[in-house]
S.K.: 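I'd like to ask some things about the structure below.
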Protein chains: 2
Amino acid sequence: MSDHRVATVPVAVRQPPYYAVVFTSLRTEGDHGYEETAERMGELVKEIPGFLGEDSARVPGGLGITVAYFRDLAGIEAWRAHAEHLAAKEYGREHWYERYSLHIARVEHSHGFERAHD
Amino acid sequence: MSDHRVATVPVAVRQPPYYAVVFTSLRTEGDHGYEETAERMGELVKEIPGFLGEDSARVPGGLGITVAYFRDLAGIEAWRAHAEHLAAKEYGREHWYERYSLHIARVEHSHGFERAHD
């Protein structure tokens with residue numbers, strides 16, 4: 001089950017080009033097995049070659065955004081076609097999501113900032 | 001000030017190509033004028049030609065993700081160079097953000113899903 005640790009460091013910025021998959025969703029009410037499957041997917045995706053990490057945030061009762069980063073389109077395609085992921089997506093459309101949007105985008109520029117502490 | 005309405009519909013999916021600006025951040029503690037400025041920036045960006053909308057989510061005490069969509073790089077550049085936005089970004093690095101990452105990406109594929117209700 002979800003361990004509810006709160007991430008506080010974004011995925012590290014890489015030298016472009018690389019790819020971002022932006023998934024923005026509104027959930028249905030109730031869990032319907034979502035948390036357990038989400039945790040499982042979060043582990044499985046790490047096995048995909050070229051997966052660089054993902055960041056997630058959700059407003060209670062509102063939109064959630066997950067951005068997954070991949071080195072190349074081959075990794076995105078491998079994840080898209082992963083059997084267990086395909087099954088989870090089909091289940092998700094039936095049970096978890098009121099609506100979502102998905103954008104696959106080639107990162108052309110990036111930079112990071114970190115506050116200096118004395 | 002912020003009106004705390006909760007958005008429940010992601011920015012509409014467009015025909016690619018278009019651009020996504022992904023901003024992922026960890027805030028410092030306290031407001032320091034953030035909410036008021038964020039609301040002002042949310043209004044100003046709507047005046048940028050080619051701005052298509054933005055989605056935001058934040059985990060309390062954790063990461064926030066904002067994804068702004070633009071028709072082309074010219075719109076992103078116009079927003080980047082906007083004087084009031086530049087001032088807000090400088091203030092933000094001094095007061096609001098522990099760290100952030102920014103990715104500018106060209107959307108090559110997108111699709112949306114909406115649950116059918118009888």
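Throughout, protein chains are lettered first and strands after them, A, B, ... in sequence-line order, and every chain is numbered starting at 1. Keep in mind that the numbers below use all heavy atoms, side chains included, and drop hydrogens, waters and symmetry copies.
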S.K.: Would Ile65(A) and Met41(A) show up in the same hydrophobic cluster when neighbours are defined by side-chain heavy atoms closer than 4.5 Å?
M.R.: no
S.K.: Closest approach of Val13(A) and Ser101(B), non-hydrogen atoms and distance?
M.R.: CG2-CB, 3.5 Å
S.K.: Quick one: does Arg93(A)'s side chain have a donor or acceptor within less than 3.5 Å of a partner on Phe113(B)'s backbone?
M.R.: no
S.K.: Sub-4.5 Å heavy-atom contacts with chain B: which residues of residues 79-86 of chain A show up?
M.R.: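 Residues in range: none.
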S.K.: As an exercise, state the distance from CD of Glu114(B) to CG of Leu26(A), rounded to the nearest 0.5 Å.
M.R.: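 Here the rounded value is 10.0 Å.
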S.K.: Taking a hydrophobic cluster as the set of Ile, Leu, Val, Met, Phe, Trp and Tyr residues connected by side-chain heavy atoms closer than 4.5 Å, whether directly or through intermediates, do Val107(B) and Val107(A) fall within one such cluster?
M.R.: yes
S.K.: Looking at chain B, which one of Val9(A), Leu73(A), Val11(A) has the largest number of heavy-atom pairs inside 4.5 Å, strictly under?
M.R.: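 Heavy-atom pairs under 4.5 Å are most numerous for Val9(A).
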S.K.: Highest number of heavy-atom pairs under 4.5 Å with chain B: which of Val59(A), Thr66(A), Leu102(A)?
M.R.: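 If we count pairs closer than 4.5 Å to chain B, Leu102(A) comes out on top.
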S.K.: Shared ILVMFWY cluster between Phe23(B) and Val45(B), side chains joined below 4.5 angstrom?
M.R.: yes
S.K.: Please test Tyr19(B) against Glu108(A) for side-chain contact (heavy atoms from CB on, under 4.5 Å), starting from the C-alpha separation and ending with a verdict.
M.R.: CA-CA 10 Å; Tyr19(B) 282 81; Glu108(A) 298 182 347; 3.5 Å; yes
S.K.: If you count heavy-atom pairs under 4.5 Å between each of Ala7(A), Pro16(A), Gly112(A) and chain B, which one has the most?
M.R.: Ala7(A)
S.K.: Start with the C-alpha distance between Val67(B) and His103(A), add both sets of side-chain angles, then the distance that settles side-chain contact (heavy atoms from CB on, under 4.5 Å), and finish with yes or no.
M.R.: CA-CA 11 Å; Val67(B) 187; His103(A) 310 260; over 6 Å; no
S.K.: Counting N and O atoms only, with roles assigned by atom type, does the side chain of Arg115(A) sit under 3.5 Å from a partner on the main chain of Tyr97(B), one being a donor and the other an acceptor?
M.R.: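 Side chain of Arg115(A) to backbone of Tyr97(B), a donor-acceptor pair under 3.5 Å: yes, one is there.
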S.K.: Out of curiosity, does Trp96(B) fall in the hydrophobic cluster containing Leu63(B) (side-chain heavy atoms, cut-off under 4.5 Å, transitive links)?
M.R.: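 Hydrophobic grouping puts Leu63(B) apart from Trp96(B).
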S.K.: Can you name the closest pair of heavy atoms from Thr24(B) and Asp55(A) and give their distance?
M.R.: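 Where Thr24(B) meets Asp55(A) most closely, the heavy atoms are CG2-OD2, 3.7 Å.
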S.K.: Look at the side-chain heavy atoms of Ile, Leu, Val, Met, Phe, Trp and Tyr, link any pair under 4.5 Å apart, and say whether Ile104(B) and Tyr100(B) land in one connected group.
M.R.: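 In one cluster: yes.
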S.K.: Using the rule given for side-chain contact (heavy atoms from CB on, under 4.5 Å), can you reason through Val22(B) versus Val22(A), listing the C-alpha separation, both sets of side-chain angles and the distance that settles it, and then say yes or no?
M.R.: CA-CA 9 Å; Val22(B) 180; Val22(A) 180; 4.2 Å; yes
S.K.: Taking side chain as everything from C-beta outward and backbone as N, CA, C, O, which of these in Arg106(B) sits under 4.5 Å from a heavy atom of chain A? Side chain, backbone, both or neither.
M.R.: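 Answer is both: backbone and side chain atoms of Arg106(B) are under 4.5 Å from chain A.
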S.K.: So which part of Val21(B) gets closer than 4.5 Å to some heavy atom of chain A, the side chain, the backbone, both or neither?
M.R.: neither
S.K.: To the nearest 0.5 angstrom, please state how far the NE2 atom of His109(A) sits from the CD1 atom of Ile76(B).
M.R.: 10.0 Å
S.K.: State whether the side chain of Arg99(A) and the backbone N or O of Pro10(B) hold a donor-acceptor pair below 3.5 Å, judged by distance alone.
M.R.: no
S.K.: With only heavy atoms counted, which part of Thr28(B) is less than 4.5 Å from chain A, the side chain, the backbone, both or neither?
M.R.: side chain
S.K.: Name the option with the most non-hydrogen atom pairs under 4.5 Å to chain B; the candidates are Ser56(A), Ala57(A), Ala12(A).
M.R.: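 Looking at each of Ser56(A), Ala57(A), Ala12(A) in turn, Ala57(A) comes out on top.
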